[in-house]
Number of protein chains: 2
Amino acid sequence: MSVTGGRNLEVNRASFEPAYHQLREIIRRQIASGELRLGDRIPPENELAQRYQLSRMTVRRALEDLVEAGILVPKRGLGTFVARRLVDAGTVRIDDFSEEMRRRGIPAECKLLGVRIMPADGNVATRLRIDAGSAVMLLLRLLLVEGEPVGIDRKYLLYDRSSRILESELEHPSLPDLVERETSGLLGRASITVKACSASQEDAGYLGCAAGEPVLVVEQTLYLSDGRSAGYGKTVYRGDKHYLTAEIDPLGIRDRDGGQAEMAGILQRRG
Amino acid sequence: MSVTGGRNLEVNRASFEPAYHQLREIIRRQIASGELRLGDRIPPENELAQRYQLSRMTVRRALEDLVEAGILVPKRGLGTFVARRLVDAGTVRIDDFSEEMRRRGIPAECKLLGVRIMPADGNVATRLRIDAGSAVMLLLRLLLVEGEPVGIDRKYLLYDRSSRILESELEHPSLPDLVERETSGLLGRASITVKACSASQEDAGYLGCAAGEPVLVVEQTLYLSDGRSAGYGKTVYRGDKHYLTAEIDPLGIRDRDGGQAEMAGILQRRG
DNA sequence: TAGTGGTCTAGACCACCGG
DNA sequence: CGGTGGTCTAGACCACTAT
């Protein structure tokens, strides 16, 4: 209680928690509590080093994480400032259905309806950059929650007759999984789109709804490093049964529990 | 041409480009070219330091960026490895319409249709965690591309009669913009959902389509650090005229032009 | 000019992991 | 055990910014 007047404002060098973790959380708490306000300049790195008895490199390591998270904004020659905007836009993570449901804690199943070798139609051929009619492999899966279909998933791969797909590996395949198993070459780039459409007659049949009902469509195309396409996936979700969601919480306010800094993980991925 | 046989494999200390930038790009190029393959172990940090005549801390600074991007995976006691999976899921950035169109390079307009003080209906009241019927402020904007409406945007704010909204500031407001202007307090957390719905009669009128047509709905709720809600935005896009999209390109393969490492920016945000 | 962040060094000790 | 990455130090020089 000597210097600024708060608690938890010193770095405990005896702790197993790295010093830069501790300093990072101290600063984060100072922002969350209002002790540091949006747009404020924080003390210079040298001052923080003196204040907390750390080397400047260690102080920088602490600030680095907060800068990466968009919470601090360094300005050369001027100082480091608390961002004026902690929450701006957001990002929605696109996972394969099984993964997403696991993340959300919702019990879900995937039912493999079939694996077929078939000629590519126009859309698939365009996506895979092959001639229409070329042989492609299709994996068709029904996505269910509580036994009710919520989505129908199609994954198309360039057909290579030398490959052997193991049935046992098809339970929860993500598109990258499949492509990596089927293709030699570096999987380097991907493209994603999310849109709203009307359910086709065929999809409505799978989904147990009427044709024309709104569906959420997530498409993913994967490319190899040489520019070739490697795989195309299209997942069609019933609009009334599935949605995408994300939480943005840069200061870890939701998870605050007064305990030690176990919320450090929040910084690791911005999502 | 003394050591490993490629070009561009030395760090030029006379360059203005930081050494860690150069080493990072060397390693990235080695992965993109196949010289380093997925799952490979890269040389230990001490070896890289010797090889490129850098200190170990500088080597670590170079690797740090690649680890953050998910391209390298360090394992304590074992070494640092090229990730087996460079492209897994992806993230779709959710921007305000104007921002998103600017990013995509599509000319677009926003037309403010009105600002109203009105009682909150059930949905809005729930989102803002207030009683139904409480006064809220609504900003209604029509989103257009080439003069055609593609979306209708509603932003709801807790109404504070002490505030003065300037008409001139309402052209391209994002929800965080508005909330910050209207609310005192730290804007600390946000929640986003993306779903497919049928156009309501009212929205169909704005969008120039039939009621029941599929629409893409993006909802955003902002919270203050004390847990109160601060703003709720709902943007309804014509399903046939607007979609969300993202490109994932961890190795910068799309942008490679053979020139110097001007593609460094790719690492800065995973998006 | 003085102060700031950006980069870099040449060490150090540690925890972890395989053999 | 030896090698690896994780952390940390106490300096250094630089480019940038404001005054």
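Atom CD of A:E68 and atom C1' of C:dG5 are 17 Å apart (whole Å). Rounded to whole Å, atom C1' of D:dC14 lies 16 Å from atom CD of B:E17. Following rounding to the nearest Å, A:E47 (CD) and C:dG3 (P) show an atom-to-atom distance of 11 Å. With rounding to whole Å, A:Q50 atom CD is found 12 Å from D:dA10 atom P. Counting to the nearest Å, the P atom of C:dT7 and the CD atom of B:Q22 are 12 Å from each other. What separates CG of A:L54 from P of D:dT7 is a distance of 14 Å, to the nearest Å. Separating the CG atom of B:L72 from the C1' atom of D:dT4 is a distance of 15 Å, rounded to the nearest angstrom. Distance, A:E45 CD to C:dG6 P: 6 Å, rounded to whole Å.
Side-chain contact check for A:P43 versus A:R51: every heavy-atom pair is 4.5 Å or farther apart. A heavy-atom distance below 4.5 Å is not found between the side chains of A:D96 and A:L175.
A donor-acceptor contact shorter than 3.5 Å links the side chain of A:T245 to the backbone of B:I192. Checked by atom type and distance alone, the side chain of B:Q22 pairs as donor or acceptor with a backbone atom of B:N12 at under 3.5 Å. Side chain of A:R28 to main chain of A:P250: a donor-acceptor pair is present (N/O by atom type, distance under 3.5 Å, no hydrogens or angles). B:R61 places no side-chain N or O within 3.5 Å of a backbone atom of B:A19 that could act as its donor or acceptor partner.
The phosphate of C:dT7 (OP1 or OP2) has a side-chain N or O of B:Y20 nearer than 4.0 angstrom.
Minimum atom distance to the side chain of A:P18 is reached by D:dT7, of the listed D:dA10, D:dT7, C:dC8. Comparing C:dC8, D:dG5, C:dG6 by their nearest atom to the side chain of B:R60 picks out D:dG5.
Toward the 5′ end of DNA chain D lies the nearest nucleotide of B:T80, the other residue of the pair A:S55 and B:T80 mapping further downstream.
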Polar atom pairs (N or O), protein with nucleotides 11-16 of chain C, under 3.5 Å:
unit_1, atom_1, unit_2, atom_2, d
C:dA12, N6, B:R56, NH1, 3.3

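With respect to the salt-bridge test (charged N to carboxylate O, under 4.0 angstrom), the residues A:E100 and A:R104 qualify.
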